[in-house]
Amino acid sequence: MSERVAIIGLGATRFTEHFDKSYGELVEDAAFKALKMANLELNDIEAAWLGTCYAYEYGTEGNAGTSLAEALGIYGIPISRVANYCITGLDAIRNAVYSVQAGAFKRVLVVGAEKMRDVPPRDSLVATHAENGHPIYAKGRTAPGMFGIMANRYFETYGNSKNEMAMVSVKNHYHGSLNPRAHFRGKVSLEQVINAPMVADPIGLLDCTPTSDGAAAVVITTESEAKALGAEYVVISGIGVAVTSGYFTAQFDPNWDFLSFQSTKLAAQAAYKQAGITDPLRQIDVAEVHDCFTITEMINYEDLGFCGPGKGGTLLHEGVTTLGGCLPVNVSGGLQSCGHPIGASGVRMVVDIAEQLLEKSGPRQVNNSRIGLTHALGGPGSVAGVSILERVN
Amino acid sequence: MIGITNIYPYLPYYRISLESINRAWNRPAGKGTRSISNYDEDVITMSVNTLSSKKKSWDDLDFLIHATTSSPFVEESSAAIISYVLGTGADCLNLNVNQSLTSGTKALHLGLQLLKEKKKGMIIAADRRDIQSGEDLEKVLGDGACAIEIGVDHVMAKVEAFSSRTDFGYDTWQLKNEASVKKSDDKFANEVKIENLVAVGKDLLETSNLQASDIKWVIVADSQTKLANTINSKLGFTAEQHFISSLNNEIGYLGVSSGFLYLNELFLKANSGDRIMLLQSGSGADGYIFQVTSNIEDFKKENGLLLQLSSKTVIENYNEGLVRRGLQKISELKPYATKTYMRRERENNLRFRGQKCGECEFIHFPKRPNCHLCGSREKMEWIWLERTGTIVTFTHDHVFPGDIEPKTMAVVDLDGGCRIFTQMTNHSHNQVKIGNRVRLSFRKLHEGGDFPNYFWKALPIIQGGV
C-alpha cells in the first residue's frame, strides 16, 4: 500500500447567486483560500485538476485546464479538466489523489467550480437537456423528473413517503441555517415543504436543490509532506467511483428496480474496503451525501448501508441523521441549502467534512468526529463516488 | 376483382364542444362537438396512426398515396415518411395528392389505375386545416384521417363508376404563407358546388347504366345537409336514399378525409349488393358508385370507427382547446436535431424497432453495438417491438419546457420484452398509475433542426381498448 494522502488546504466560496462574480473569480477565490490554509504559494503547486461539469453551457469557460491556469495565473504545470456529471468534483479529487499516491507529484490543487446563474434556472441545467440533449430520448427528461420516477416507485413499494421526504428538507434547511456558506439560510417547516408547488410529482419545490454558483478547492499532498510542513490535515482513507449505466439508457434497463443506485453501492463498497469500514452507521461520525432531491437522500442512506432497504424514513424519524444524532448527515445544509454548482459540490463536501474532522465547523460542529464520508451521485444515478476522510491523532 | 379491401379510420381523442367555441365569441350556444388533434399530432402522425395499431410491418404494400391539404411540408413527401414508419419496402411507390378537397377521391382513382399492374395499395387521407380563431369555419371543421386499402383480393366494395369534373375552387383556399383557410361567399360557392356535383352524379348514372333507384344510398361529402338535399333531389333521389352522417355533428367536417370516413360509416350499415354513390366537391367534383360485396361482414367485425367515436374527452373550455391543439403555446421548444441523427436512428425512433441479442435474447432499445446483458458483439437482430405495455413508474414534470405542461414521463415495460422511457399523451393524471396498461402512438416531439422530429408516446388504454 502506498503512502496515505492528506488534505492540507480547504477553501470554498459561498454557494449562492454570484451575479457580480465571473467563473474565473470564483475559481480564484476558492483556490487561494485553500492555498492560504495550506500555507503554500502558487508556485508550490506541481499539478492541478479542475472539475466543471457543463462547460460551454453558460459561457465558454471550464472546458479545459486552461480555465484554471488563466484564473490563477499558474502556467507551465499539468492541469486537467474532469467532467463526470454530479460527481465531477469528487472525481477530480480522486484523480489528484492517485497522482500523489503514484509519486508523480507531491503538492496538487483541485478546484471544482460551476457558474449556473448567469442565466435563469430553467435556462441552465434544464435547457442543457431540453435544448442540447438527444433529440428524442432527452425530450421530457429533467433532473427532478428522473428522481420523481424513483420517488413514485419508492412510494409504490414502501408506502407514501412524502412526509419523510419533507423531513429531509426540514433537517437540511435547519443545518443550512447554521452555515454562512449556504445558499439558503432560512429554515422551512414540514407544512411548507409538503405544500410547496409541484416540480416533478411527487417532488415539490422544497424537495429540490436550488441552482447556484460556487467554487471549492482542496490542496492534497502525502501524509509525510503534511507532517513536514507542520500542517493541519485529514487523510483520505478510501475513495471509490462506479459507473453502472449510460445516461439516456439508464431507464431503458429492465433490470433496474428504481429503488436504489447500484453505482452508490459499488462506490461505497470500494471506499469502505480501503478504509476498513464494516459497520458504516456506527463507524462513520458525520456524512455529506448527495441530496439533489429529498428522495435521493433517503435512498442514499439505504445504498450506503446506514439502514436497510425502505428504512430511510426510520432514520429520519429517529433523528439519527440530524445534528445531535449518532450519524448527522448534511450538516452543511447539503445540496438542499448549499445549492449545487455541479462541479463544485463534490469538492465542497470534502471541504465540509474535513472542517468537521478538524473541528472548524462552528455552531454546526459534530463533536468528536473522527471518520467522515462524502457521497456524490450523478446523471440518472448511473455514476457515484464515495470518499472516507479521517482525522489523525 | 379490383376494389376497396378495408378502411382504417383515425380520430383524435379530443373534442371541443361547439358551445364552448360559441361562448368564447358571444354567439348562441349550438350543439355538437368537433374533433381536435392534440398538440403533438399532424397529418403525418394521424395518417400513421390509422394503421399503427393494426399491424407493425406493412411490407406487402406496393404503393402508398397520401392525400391532404395540410401537410407540414411544402417540399418533402409526407407519403414517403409515412411509408417508412409503416415499414413498407423501399420499392413501395409513394405519391402525394395535395391541395384540393378532392385529393382523396383523386388519389383513390389513381390507386385503382395502379392496380392494373400492382396488387395492393393504401390511400391515406388526412386533414388538420388551420383556421383563424373566431372565423366561421372554426365551428365546422374537425381533424382526422382515414386510410383506404385497395387491392385485388378480398374486395369488400368494387368500383362500378368514377366521374370527375374540373373547375376552379371557389369555396375555400389557403395561401402558402397564410395561417388560415379562407372562405368565399356561401351562396355563390354553393351554386358552383351544386352545378359540379349534379353534373358528376348524372354522369355516374349514365356511364354505369344505372337508375337513381338502383342506388341504396348517396353521400354528399359536405358539411351542409341542406346542400346535400338540393343535390339529391336534383338527381332524383328520395329522402330514404339520402345518407345523413352523424359525423358532422360529432367530429365536424374533416376535409380530405371526410369522404372516406362517411364511406366507412356507411359501410358499417351496408349489406352485400348495396350500391353507394359518393360525391365530393373541391376544384370541381368527383364521384363514385361502389357496390358492396359479401366481404363487408369481415370489415364490420374489425372496424374501429364506432369505438373511436365513443372514446373521447370533450373540452369545454375554448382556450384549453387552443392550447391542446397547439395553437397557443406555453413555451416553444426548438432543440438541437440533425438529419444525420434522424437517418441513423430511423429504425429505432420512426419504426420503433429494437435489437435482440442472438446469444442471450435480451432486447435492446435503442440500438447498441454489444449486448447490455451478456456483452456479446455478435448477431444483434432487428425486431419489431410490441406497441403495448405496462407502466413501471412515472412523473408529471412541471419543469421541462414545451407546448403543454406538466409533461408526463413514463417508464414502460413493453409486452414481449424491452423497456422504454417516453412521454405520455392523451391522458389525464388519474389514468397514470404504476401497473396501468398503455399503448404507443406515433407523435411529433418538436421541430428542432427546422423539421418535425417524431417518436412514439404512451397513452392510456382506456375502456374499449382505444
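Just so it is clear: chains get the letters A, B, ... in the order the sequence lines come, proteins before strands, and each one is counted from 1. Model, not experiment: these values are computed from the prediction.
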Quick check: are there more than 12 heavy atoms from other residues, nucleotides or ligands sitting under 6.0 Å from NZ of A/K311?
-> no
Below 4.5 Å from any heavy atom of chain A, which atoms of B/K334 appear? Answer side chain, backbone, both or neither.
-> backbone
When the 4.5 angstrom heavy-atom criterion is applied to A/A143 and chain B, the contacting part is neither
Separation of A/D253 CG from B/F362 CZ (nearest 0.5 Å) = 5.5 Å
Does the pair A/F155 and B/I434 meet the rule for a side chain to side chain contact (heavy atoms under 4.5 Å, CB included), with working shown?
-> CA-CA 10 Å; A/F155 287 14; B/I434 291 172; over 6 Å; no
Under 4.5 Å from any heavy atom of chain B - which part of A/T249 | side chain
Would you mind telling me which of A/G148, A/A250, A/G140, A/P121 has the largest number of heavy-atom pairs within less than 4.5 Å of chain B?
-> A/G140
Hey, which of B/P366, B/A337, B/G402 has the most heavy atom pairs under 4.5 Å with chain A?
-> B/P366
Looking at B/V432, B/T393, B/I391, which one forms a side chain to side chain contact (heavy atoms under 4.5 Å, CB included) with A/N152?
-> B/T393
Stepwise side chain to side chain contact (heavy atoms under 4.5 Å, CB included) check, A/K139 with B/L333 = CA-CA 10 Å; A/K139 302 307 167 243; B/L333 183 68; 4.1 Å; yes
Per-residue contact mode, A/F147 against chain B (heavy atom under 4.5 angstrom) | neither
In terms of heavy-atom pairs under 4.5 Å, which option from B/K407, B/H396, B/M342 contacts chain A the most?
-> B/H396
Looking only at non-hydrogen atoms, find the nearest pair between B/V399 and A/P144 and report the distance.
-> CG2-CG, 4.1 Å
For B/Y454, is it the side chain, the backbone, both or neither that has a heavy atom under 4.5 Å from a heavy atom of chain A?
-> backbone
Ring geometry between B/F365 and A/F252 (parallel below 30°, tilted from 30 to 60°, perpendicular above 60°) | parallel
Under 4.5 Å from a heavy atom of chain B, the part of A/R122 involved = side chain
Nearest atoms (heavy-atom pairs only) where B/T395 meets A/A200 = OG1-C, 3.2 Å
Write down the atom of A/N132, the atom of B/Y336, and the distance for their closest heavy-atom approach.
-> O-CD2, 4.1 Å
So, the side chain of A/Q251 versus the backbone of B/V411: is there a donor-acceptor pair under 3.5 Å, distance only?
-> no
Toward chain B, the part of A/V126 with a non-hydrogen atom under 4.5 Å = side chain
Determine the minimum heavy-atom distance between A/R141 and B/F421, stating which atoms define it.
-> NH2-CD2, 3.3 Å
Under 4.5 Å heavy-atom distance to chain A, tell me which part of B/P401 shows up: side chain, backbone, both or neither.
-> both
Taking every heavy-atom pair that is under 4.5 Å apart, which of B/V412, B/I420, B/D397 has the most such pairs with chain A?
-> B/D397
In Å, rounded to the nearest 0.5 Å, how long is the span from CE of B/M409 to CD1 of A/I149?
-> 8.0 Å
Nearest non-hydrogen partners of B/F400 and A/A138, listed with the distance | CE1-O, 3.7 Å
Show your working on side chain to side chain contact (heavy atoms under 4.5 Å, CB included) between A/N255 and B/L373 and close with a plain yes or no.
-> CA-CA 9 Å; A/N255 296 318; B/L373 195 65; 3.6 Å; yes
So which part of B/H364 gets closer than 4.5 Å to some heavy atom of chain A, the side chain, the backbone, both or neither?
-> neither
Any side-chain heavy atom of A/D201 sitting closer than 4.5 Å to one from B/F394?
-> no
